[in-house]
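Residues take their numbers from the sequence shown, with the count starting at 1. These numbers come from the heavy atoms of this one structure, side chains and all, not from hydrogens, waters or symmetry mates. Both ligands and their constituent atoms are indexed starting at 1 by order of listing.
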Amino acid sequence: VNSDDLSKIRNFCKPFYSGTGKWHAWNHAEAVEKLAIKIATSEFPEADLNVVRAASIAHDMGRIVRDEGHAEESARILKPFLDEIDIDDEIKDKILDAVASHDVNKIEAAKHLEARIVYDADKIEILSVYGFMRVWFWLIEERKMEISEAVQFLEKYCKKFKSTLYSNFAKDFVEQQYPLIEKMLKEFYAYEKKWRL
Ligand SMILES: [Fe+2]
Ligand SMILES: [Fe+2]
């Protein structure tokens with residue numbers, strides 16, 4: 001993928017994010033792209049940076065169709081476009097692998113390093129104070145969960161995410177950010193219990 005292909009992919013993907021809801025909008029795709037670039041350049045010089053960027057940009061656009069299974073859906077939407085702009089088969093396979101594997105239940109079966117990088121970037125965004133809040137609001141607003149149900153659901157996922165990270169960058173990032181979330185959760189549950197909400 002050269003930079004021309006990358007901008008074509010960006011232009012193709014961006015409009016889908018107007019239909020993925022405000023909590024997984026285009027700025028989320030760009031945040032994941034930035035984190036993924038950081039992980040790749042600081043730790044994996046052998047990774048194909050444009051593959052990482054293309055997959056980051058595309059990873060959540062399948063939410064326009066459905067939330068459950070959106071990773072596969074994103075890959076399904078992207079594939080015909082990659083065929084159309086004539087991306088090399090090997091590169092195409094890497095991009096689609098990274099897009100389709102950014103799911104806690106699929107990442108262990110990913111074939112390429114680039115998938116691990118995109119996965120780590122997406123998950124550490126959630127494991128940051130900012131990302132935790134973002135997903136918390138999403139669960140309440142769009143999944144219609146109660147405040148406490150949402151936080152318990154999210155905490156369970158965060159534990160899974162933490163145990164599946166691959167890069168040292170992601171592990172260090174979480175080590176720095178997650179204790180703040182844990183502290184907040186502890187206060188949240190204590191308050192809830194004390195005041196019997
Ligand atoms: Fe996703
Ligand atoms: Fe995401």
Side-chain angles (χ1 to χ4, degrees), residues 6 9-10 12-40 47 49 51-79 81-82 94-143 145 150 153-167 169-171 173-174 177-178 181:
L6 187 64
I9 294 169
R10 184 180 294 275
F12 172 76
C13 296
K14 193 174 176 181
F16 288 94
Y17 287 92
S18 60
T20 52
K22 72 175 165 193
W23 307 108
H24 294 93
W26 177 242
N27 62 354
H28 167 65
E30 285 194 311
V32 171
E33 183 190 10
K34 275 188 197 159
L35 286 166
I37 290 171
K38 184 79 188 158
I39 295 170
L49 195 59
V51 165
V52 165
R53 296 184 68 173
S56 299
I57 290 163
H59 84 283
D60 267 349
M61 66 179 177
R63 285 188 191 272
I64 196 165
V65 181
R66 56 192 167 115
D67 280 320
E68 207 58 46
H70 70 271
E72 278 176 349
E73 207 62 59
S74 300
R76 191 189 60 77
I77 296 168
L78 185 62
K79 189 180 180 302
F81 184 72
L82 298 182
K94 282 189 178 182
I95 297 173
L96 295 173
D97 174 55
V99 172
S101 304
H102 88 274
D103 178 314
V104 71
N105 298 313
K106 300 220 183 82
I107 189 60
E108 301 298 342
K111 291 181 285 179
H112 303 286
L113 171 65
E114 287 79 0
R116 287 289 185 168
I117 296 171
V118 174
Y119 178 88
D120 276 15
D122 188 44
K123 292 336 175 213
I124 64 175
E125 200 276 335
I126 297 172
L127 293 162
S128 68
V129 171
Y130 179 91
F132 189 93
M133 297 275 185
R134 178 181 65 78
V135 178
W136 195 355
F137 295 143
W138 169 65
L139 292 170
I140 292 167
E141 194 178 73
E142 287 181 30
R143 291 278 188 101
M145 288 186 186
F153 180 90
L154 183 51
E155 189 186 14
K156 202 178 79 191
Y157 268 90
C158 284
K159 282 185 182 148
K160 281 202 206 175
F161 295 158
K162 276 168 65 186
S163 70
T164 48
L165 296 173
Y166 182 78
S167 62
F169 180 92
K171 289 172 191 168
F173 181 99
V174 168
Q177 287 280 300
Y178 206 70
I181 295 172

Student: Is it the case that the ring center of His59 lies less than 6.0 angstrom away from the ring center of His28?
Tutor: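 Yes, the ring centres sit under 6.0 Å apart.
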Student: Around the Fe ion (ligand 1), how many protein N, O or S atoms are found at less than 2.8 Å?
Tutor: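 Every protein N, O or S atom under 2.8 Å from the Fe ion (ligand 1) counted, the figure is 3.
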Student: Between Ala98 and Ala55, which heavy-atom pair has the shortest distance, and what is it?
Tutor: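 The answer is CB-CB, 3.6 Å.
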Student: According to salt bridge (charged side-chain N to carboxylate O under 4.0 Å, His left out), who are the partners of Glu141, at least two apart in sequence or on a separate chain?
Tutor: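 Checked Glu141 against salt bridge (charged side-chain N to carboxylate O under 4.0 Å, His left out); matches are Lys22.
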Student: Looking at residues at least two apart in the chain, or sitting in another chain, which of them share a salt bridge (charged side-chain N to carboxylate O under 4.0 Å, His left out) with Lys94?
Tutor: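 Checked Lys94 against salt bridge (charged side-chain N to carboxylate O under 4.0 Å, His left out); matches are Glu114.
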Student: What pairs with Glu73 under salt bridge (charged side-chain N to carboxylate O under 4.0 Å, His left out), at least two apart in sequence or on another chain?
Tutor: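 Expected list: Arg66, Arg76.
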Student: Pair Arg10, Glu33 - check salt bridge (charged side-chain N to carboxylate O under 4.0 Å, His left out), show working.
Tutor: CA-CA 11 Å; Arg10 184 180 294 275; Glu33 183 190 10; 2.6 Å; yes
